[in-house]
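So the structure is just underneath, and the comments pick up after that.
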Amino acid sequence: MALTVLNELLIEDPSPPLLLYQLNKTAQLETLNYQSCYMQRVFTHFPEILFIHRTYNPRGEVLYTFLVDGPRVPLEGHLSRAVYFAILAKEDAEALAHIFQVFKKFNPAWERVCTILVDPYFLLLPTLAMEFPAAEVLLSAFHICKFLQGKFCQLALEQPVERLLLTALRSTMCSATAGNLRKLYTLLSTCIPPAQLPALHSHWLLNDRIWLAHRWRSQAESSRYFQGLEVTTRLLSQFFGTTPVVEKGMSALLQYLQQNSGDKVSFNLGPSPPNHYTPLEGSPESPKVEQLVEARIQHSLNAICTGPAAQLCLGELAVVQKSMHLIGSGSEKVNIQILEDTHRGQPQPPASCSCYFNQAFRLPCRHILAMLSAHRQELKPDMLPAEWTAGCAPNLSDILESTWSETLEKRLAVALLTEEVSQLLQHCSQEEFERRYSTLRELADSWIGPYEQVQL
């Protein structure tokens, strides 16, 4: 019955996909290879890096999911980077070679695969090397992160230690520089008992070749990358990994893909690269929502602000367009981080932010513009002071001279330093907190006097 449902789903597909399956003697699904025409087109455009993820169901059968990866691949849309599904009843070299050969037969662009990313438990590396002789096989940063997270839980560490390691791991994965990886390696060597340390394979953190395949991403891009893969792998586990009936798992997965076909617009495939394979024609891609929102913000800046104000804010918006990441939202205030120190902003008019730009000029800074972009909003006249609205300010120098003062400069410097110290105190251990607080207490007493209570 489930196989019938699977075939009905494929009939409803507007473009006939590739579907090869084999039944056993009891008419149950034993192997399956699936690729839609859209998946085929995606792989043709982004074949350089192939990411392989494996999902096991309760009966031990495994679903191989091939996803495209790399700098040219957009990150939006869960499962929109998936380009091939294959089910193996028995995971051995012969079965794995068979699915790779089927994949290559219907995807001539396989010859352009340069790198294949796998998980640490993938043992059939000789089969990969034989089927993709020109490709380099590496551990993926995502799978190493998941591996270490699992090990931290298995070791039954003290809760503060486990929390510290998980926080350091997340931070390092989003900024995988050689220095940060070395710090995490040292932290593991300090916190993990020597007898248990080999099980973590911490030497992977020092293998620069692994991280070169990931390091090109900015901090914001890395965060979105890990979040996207987390959702993708959870969806695969939800549909395939929780049911012992392969047909039901695959029919649920394919049904989800059809119902969420809107994810496809996240890719701007454009013209196909030169190849002897001719892809099928598809519908034209619509512009990204983010680009439309940014265009509306630019228009509102030019319409509402004076020329100098618009010029300053457009410079801030340019930073937002290159890199943006929002963290921690609330009813009135939002914590914003754009690859720099965290600031607190208030989007309600009059908009304000704790950063220097907004405090000095009272103009929408990159953090406020990031909030507007994230919430699909545009600038309103009541979000900036009257002197910055169109037709009010004579020139930029007059405003700058009236805005800046030495007192304001000092107040902002103190405020930024106070915020930085506060963040450090909040995220350190109790022992470190007491030591740092004692140092600040002595410093305050030396300035003001030991007999006057000073609130730190």
Side-chain angles (χ1 to χ4, degrees), residues 1-13 15-40 42-43 50-68 78-107 110 113 116-119 121-125 127-128 130-132 140 143 146 229 231-260:
M1 184 181 298
L3 191 57
T4 303
V5 173
L6 182 61
N7 280 311
E8 288 176 353
L9 283 171
L10 298 179
I11 292 172
E12 295 173 2
D13 198 313
S15 301
L18 159 70
L19 176 65
L20 300 176
Y21 60 86
Q22 181 178 343
L23 304 180
N24 59 19
K25 295 180 180 179
T26 59
Q28 293 179 323
L29 187 66
E30 192 169 63
T31 64
L32 179 141
N33 294 268
Y34 174 85
Q35 185 181 49
S36 69
C37 292
Y38 177 77
M39 292 169 139
Q40 205 172 39
V42 171
F43 178 71
L50 200 59
F51 181 103
I52 298 179
H53 181 74
R54 298 180 297 167
T55 308
Y56 291 86
N57 71 359
R59 291 171 52 184
E61 294 161 313
V62 58
L63 169 67
Y64 272 68
T65 303
F66 297 179
L67 302 100
V68 289
H78 307 312
L79 282 175
S80 62
R81 295 194 295 116
V83 296
Y84 200 76
F85 293 119
I87 294 176
L88 287 74
K90 184 180 180 182
E91 193 175 14
D92 56 19
E94 182 180 356
L96 190 60
H98 175 72
I99 67 168
F100 286 146
Q101 289 164 9
V102 173
F103 174 78
K104 293 192 297 182
K105 182 176 181 180
F106 290 93
N107 295 272
W110 75 269
V113 175
I116 300 177
L117 303 176
V118 298
D119 63 85
Y121 297 104
F122 193 95
L123 301 179
L124 299 174
L125 298 178
T127 305
L128 265 181
M130 181 178 62
E131 297 297 334
F132 296 88
S140 79
H143 284 122
K146 299 298 291 184
L229 282 177
V231 174
T232 297
T233 55
R234 286 185 181 182
L235 286 172
L236 294 171
S237 297
Q238 174 187 338
F239 293 121
F240 183 84
T242 58
T243 175
V245 182
V246 173
E247 295 88 344
K248 289 183 178 179
M250 282 306 299
S251 61
L253 177 58
L254 296 181
Q255 191 170 19
Y256 172 86
L257 288 174
Q258 288 187 358
Q259 293 173 351
N260 294 270

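Residue numbers run from 1 in the order of the sequence given.
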Taking all non-hydrogen atoms of both residues into account, name the closest pair between [X] and [Y] and its distance.
| X | Y | result |
| --- | --- | --- |
| Thr127 | Ala93 | OG1-CB, 3.5 Å |
| Ala86 | Asn33 | CB-OD1, 3.9 Å |
| Ala95 | Leu88 | CB-CD2, 3.7 Å |
| Pro58 | Gly241 | CD-O, 3.3 Å |

Taking the side chain as every heavy atom from C-beta outward, state whether [X] and [Y] have any pair of such atoms under 4.5 Å apart.
| X | Y | result |
| --- | --- | --- |
| Thr65 | Thr233 | no |
| Val83 | Phe51 | no |
| Leu63 | Met250 | yes |
| Phe100 | Phe66 | yes |
| Leu67 | Leu117 | no |
| Phe103 | Tyr64 | no |
| Tyr84 | Val102 | yes |
| Phe122 | His143 | no |

Where do Leu50 and Phe43 land on the side chain to side chain contact (heavy atoms under 4.5 Å, CB included) test, with the steps shown first? CA-CA 9 Å; Leu50 200 59; Phe43 178 71; 3.9 Å; yes
[X] side chain vs [Y] backbone, donor-acceptor pair below 3.5 Å:
| X | Y | value |
| --- | --- | --- |
| Glu91 | Leu96 | no |
| Lys104 | Glu131 | yes |
| Gln40 | Phe106 | yes |
| Arg81 | Thr232 | no |

How far apart are the C-alpha atoms of Leu253 and Leu235, what are their side-chain angles, what is the distance that settles it, and do they pass the side chain to side chain contact (heavy atoms under 4.5 Å, CB included) test? CA-CA 8 Å; Leu253 177 58; Leu235 286 172; 5.9 Å; no
Value rounded to 0.5 Å, distance of [atom1] in [X] from [atom2] in [Y]:
| X | Y | atom1 | atom2 | answer |
| --- | --- | --- | --- | --- |
| Leu124 | Asp92 | CG | CG | 7.5 Å |
| His53 | Leu236 | NE2 | CG | 5.5 Å |
| Leu32 | Ile99 | CG | CD1 | 10.5 Å |

For Phe85 and Thr55, what are the C-alpha separation, side-chain angles and deciding distance, and is it a side chain to side chain contact (heavy atoms under 4.5 Å, CB included)? CA-CA 11 Å; Phe85 293 119; Thr55 308; over 6 Å; no
Tell me if the centroids of the rings in Tyr256 and Phe239 come within less than 6.0 Å of each other.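 Ring centroids of Tyr256 and Phe239 are less than 6.0 Å from each other.
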For atom CD of Gln101, is the number of surrounding heavy atoms from other residues, nucleotides or ligands below 6.0 Å larger than 12?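 For Gln101, atom CD is crowded (more than 12 foreign heavy atoms under 6.0 Å).
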Using side chain to side chain contact (heavy atoms under 4.5 Å, CB included), reason through Gln35 and Asn107 one step at a time and then give a plain yes or no. CA-CA 10 Å; Gln35 185 181 49; Asn107 295 272; 2.9 Å; yes
